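The structure displayed is predicted, hence computed values, not measured ones. Note that the numbering runs from 1 along the sequence shown for the chain.
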Amino acid sequence: MKMNYVTLGTNDMQAAKAFYDALFAGAGLQCASPSERMTYWFGTDFAFATAIPFDTTPATSGNGTMVGFRAGTEEDVRRLHALALTLGATCEGTPGQRGPKFSAYIRDLDGNKLCLSD
């Protein structure tokens, strides 16, 4: 079984789109916004979206929820972590070796936790 897609909630689609456009720049992903409340980034074996909740209540980050992105090399992890911080993300763990993976952790503009790993 493979993961089909991941969607994270946002309260500011314009800010979320700008953040993920910059974070995913150079990854060869396509971006589509089929409605004002949802934006997708997709490629071969990759699908990710941000959405304003359909029920119109504010989006919140899930306690214990984390989305992991395979960033590439250790240098890519460092670069994307630094980029995310300049885009307004907060650090949840500086780049370093953790078990078999070199990884770093951030929270996006809506507080969603992301892992960047090699």
Side-chain angles (χ1 to χ4, degrees):
M1 185 177 299
K2 291 182 180 181
M3 178 69 66
N4 190 19
Y5 64 90
V6 172
T7 301
L8 294 178
T10 185
N11 293 303
D12 185 339
M13 183 56 72
Q14 187 174 8
K17 184 175 181 325
F19 178 84
Y20 284 105
D21 277 346
L23 191 65
F24 295 151
L29 301 175
Q30 295 180 20
C31 180
S33 297
S35 71
E36 290 180 4
R37 59 170 289 280
M38 185 164 271
T39 299
Y40 293 91
W41 292 265
F42 56 95
T44 304
D45 292 333
F46 183 93
F48 176 81
T50 57
I52 294 171
F54 185 75
D55 67 5
T56 69
T57 61
T60 60
S61 58
N63 187 23
T65 301
M66 179 172 54
V67 177
F69 293 106
R70 185 174 300 150
T73 66
E74 290 181 14
E75 185 54 38
D76 292 327
V77 171
R78 286 186 188 92
R79 180 182 57 79
L80 288 173
H81 182 262
L83 173 62
L85 297 180
T86 66
L87 295 169
T90 56
C91 180
E92 284 285 313
T94 58
Q97 194 70 39
R98 291 173 177 85
K101 293 289 188 180
F102 186 88
S103 56
Y105 300 87
I106 60 168
R107 288 200 182 263
D108 72 7
L109 305 180
D110 289 288
N112 298 300
K113 190 170 183 181
L114 309 176
C115 175
L116 307 166
S117 70
D118 62 358

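The side-chain hydrogen bond (donor to acceptor under 3.5 Å, both in side chains) contacts involving residues 109-118 comprise Thr10-Asp110, Asp108-Asn112, where partners must be two or more places apart or lie in separate chains.
Closest heavy-atom contact between Gly111 and Ser61: O-CB, 3.1 Å. Contact detail for Phe19 and Ala84: the closest heavy-atom pair is CE1-O, 3.8 Å. Between Ala47 and Asn4, the shortest heavy-atom distance links the atoms CB-O, 3.6 Å. Residues Val67 and Val6 approach most closely at CG2-CG1, 3.5 Å, considering heavy atoms. The two residues Leu83 and Ala22 have their closest heavy-atom pair at CD2-O, 3.4 Å. The heavy-atom pair separating Cys91 from Leu85 by the smallest distance is N-CD2, 3.6 Å.
Counting heavy atoms of neighbouring residues, nucleotides and ligands inside a 6.0 Å radius, atom CD of Gln97 exceeds 12 of them. The environment of Phe42 atom CZ is dense: over 12 non-hydrogen atoms of other residues, nucleotides or ligands sit within 6.0 angstrom. Within 6.0 Å of atom CG in Asn63, 12 or fewer heavy atoms from other residues, nucleotides or ligands are found, so the atom counts as exposed in its surroundings. Within 6.0 Å of the CZ atom in Arg98, the count of heavy atoms belonging to other residues, nucleotides or ligands exceeds 12.
Neither Tyr105 nor Leu8 shares a network with the other; the hydrophobic side chains, linked directly or stepwise wherever heavy atoms of I, L, V, M, F, W or Y lie under 4.5 Å apart, form separate groups for each. Residues Leu114 and Leu29 fall within the same hydrophobic cluster, defined by Ile, Leu, Val, Met, Phe, Trp and Tyr side chains chained together at heavy-atom separations under 4.5 Å.
Side-chain contact check for Met38 versus Thr7: some heavy-atom pair is nearer than 4.5 Å.
For Lys17, the salt bridge (charged side-chain N to carboxylate O under 4.0 Å, His left out) partners are Asp21, not counting sequence neighbours. The salt bridge (charged side-chain N to carboxylate O under 4.0 Å, His left out) test applied to Asp12 returns no partner, not counting sequence neighbours. By the ring-ring contact (aromatic ring centres under 6.0 Å, His included) test, Phe24 is found to be paired with Tyr20, Trp41, Phe46, Phe48, Phe69, residues two or more places apart in sequence or in another chain being considered. Among residues two or more places apart in sequence or in another chain, the side-chain contact (heavy atoms from CB on, under 4.5 Å) test is passed with Ala104 by Val77, His81, Pro95. Applying the salt bridge (charged side-chain N to carboxylate O under 4.0 Å, His left out) rule to Arg79 yields the partners Asp76; only residues at least two apart in sequence or on another chain are considered.
Here CG of Leu23 is found 5.5 Å from CD1 of Ile106. Values are rounded to the nearest 0.5 Å. One distance of note links OG of Ser103 with CD of Glu74; it measures 10.0 Å at 0.5 Å rounding. Distance check, rounded to the nearest 0.5 Å: CZ of Arg78 to OG1 of Thr94 gives 10.0 Å. Here the OG1 atom belonging to Thr90 is positioned 9.0 Å from the CG atom belonging to Leu109, to the nearest 0.5 angstrom. Taking CZ of Arg107 as the start and CE of Met66 as the end, the distance is 9.5 Å to the nearest 0.5 Å. Interatomic distance, Cys115 SG to Lys101 NZ, rounded to the nearest 0.5 Å: 9.5 Å.
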